[in-house]
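To start, the structure itself, in structure tokens.
The sequence lines fix the lettering, A, B, ..., with proteins before strands; numbering per chain opens at 1.
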Protein chains: 2
Amino acid sequence: MARFKGQAEYSVDAKGRTAIPAKMRAALSPDAQGTFTLTKGFERCIYAYPMDQWKLKEDEYSSLNTNDREARHLVRMILMWAEEVSLDGQGRISLPKSLSEYAGIGDKALIIGNMDRIELWNPEAFSTYLQENSEDQESLVQKVMGS
Amino acid sequence: MARFKGQAEYSVDAKGRTAIPAKMRAALSPDAQGTFTLTKGFERCIYAYPMDQWKLKEDEYSSLNTNDREARHLVRMILMWAEEVSLDGQGRISLPKSLSEYAGIGDKALIIGNMDRIELWNPEAFSTYLQENSEDQESLVQKVMGS
DNA sequence: AGGTATGTGGGGAAAAGTGGGGCGTTTGCC
DNA sequence: GGCAAACGCCCCACTTTTCCCCACATACCT
């Protein structure tokens, strides 16, 4: 299973393309075939799941009961924003307009490795997010992960 | 099994034809033979099942007890609106009047990939639907998919 | 300091989306 | 039964977008 980490601020060109850091590309499983599925993430960023990881997500969703109204709505909300993109010859992906708009990404993107997914942020939005969530990390660790 | 995702707003021409996004066509199983079965969907949209998926649906319905009045009625209601359509040379399908009327689709259609089916919406009707179901996604995830 | 790998930008070919025309079949009317 | 209008179907043509490839610049490693 691919495990991503680290961060980098890359530019997004006029065609909406942005490079994926070489280190993250190296961490990609061959099963992913250089393909990601992008979706809306929490906190106004874009989640990028390698294909192999996304398959697992889809399996989860398909096991939900489509006759239940709320489940139906949830799956619809998740999938309608999902888009599959592949790395081009230069290790870039192109961001769909709908998603880069959602995340407020213009000509710069902050790329963060986060376990089984990669996150793409508007750099300013991320620093705002940091300020708003500047709780002391030590006490956060204690709260989330126990003693 | 085909897994559809993503969204696109396409035009419906004067002849009632609308294109299916190339990415969804690509996701189509060869077994479907470029053929869909359209039915009334929940929430005033049209469901389009690829032929192979529809076969499974039919199996489900035929396994219901035809001696039960309600089951009989349900199957009748579903099947009377079902219509089979095929992609033309340009990757389009033509929408039966009865269904496009039901969904309120005029000269624009919002096309949404939703797992084993494709949904066709009136764009305005969909944004209304969104407003009426604007529950916080975070809590919805928690409710539907557990902690 | 040179070579290799990485990130950035742009141009051209191919495909996707959109609209319209023509032919054959069906349907309704005279 | 014959005619005409309507409808569906298939093909063709145009426009726009997307994708792929090539070229340059910068950073890194040796």
> D13(A) CG to dT18(D) C1': how many Å, rounded?
Replying inline: 13 Å

> Looking at DNA chain C, which of residues 94-116 of chain A put a heavy atom within less than 4.0 Å of it?
Replying inline: none

> Ion pair present between D59(A) and R3(B), side-chain N to carboxylate O less than 4.0 angstrom?
Replying inline: yes

>> For the CD atom on E60(A), are there more than 12 heavy atoms of other groups (residues, nucleotides or ligands in this structure) within a distance under 6.0 Å?
In response: yes

>> Has S98(B) got a side-chain atom pairing as donor or acceptor with P96(B)'s backbone, closer than 3.5 angstrom?
In response: no

>> On a heavy-atom basis, which atom in Y49(A) and which in W54(A) lie closest, and how many Å separate them?
In response: CD1-CE3, 3.9 Å

> Is it true that a side-chain atom of D31(B) and a backbone atom of D52(B) form a donor plus acceptor pair closer than 3.5 Å?
Replying inline: no

> Charged N to carboxylate O under 4.0 angstrom, K5(B) versus E83(A)?
Replying inline: no

> In whole angstroms, how far is the P atom of dC9(D) from the CD atom of E84(B)?
Replying inline: 12 Å

> Atom CD of E9(A) and atom C1' of dT6(C): how far apart are they, to the nearest Å?
Replying inline: 17 Å

>> Keeping T128(B) on the side-chain end and F126(B) on the backbone end, is there a donor-acceptor pair under 3.5 Å?
In response: no

>> Under the ring-ring contact (aromatic ring centres under 6.0 Å, His included) definition, can you give me all pairs with a residue in residues 55-75 of chain A, not counting sequence neighbours?
In response: H73(A)-Y129(B)

>> I need a per-nucleotide contact map over nucleotides 22-30 of chain D, read 5' to 3'. Cutoff is protein heavy atoms under 4.0 Å; write B for the base, S for backbone only, - otherwise.
In response: B--------

> Linking Ile, Leu, Val, Met, Phe, Trp and Tyr through side-chain heavy atoms less than 4.5 Å apart, which residues share a cluster with L56(A)?
Replying inline: none

> For DNA chain C, which residues in residues 14-39 of chain B have a heavy atom at a distance below 4.0 Å?
Replying inline: K15(B), R17(B), I20(B), P21(B), A22(B), R25(B)

> Parallel, tilted or perpendicular: which describes the rings of F4(A) and F36(A), with under 30° parallel and over 60° perpendicular?
Replying inline: tilted

> Expressed in angstrom and rounded to an integer, what is the separation of Y10(B) atom OH from dG19(C) atom C1'?
Replying inline: 15 Å

> Tell me, which pairs form a side-chain hydrogen bond (donor to acceptor under 3.5 Å, both in side chains) where one or both residues lie in residues 101-115 of chain A, sequence neighbours left out?
Replying inline: N114(A)-E119(A)

> For the pair made of CD1 in I93(A) and C1' in dT18(D), what is the distance, rounded to whole Å?
Replying inline: 16 Å

> OP1 or OP2 of dG19(C) less than 4.0 angstrom from a side-chain nitrogen or oxygen of S11(B), does that happen here?
Replying inline: yes

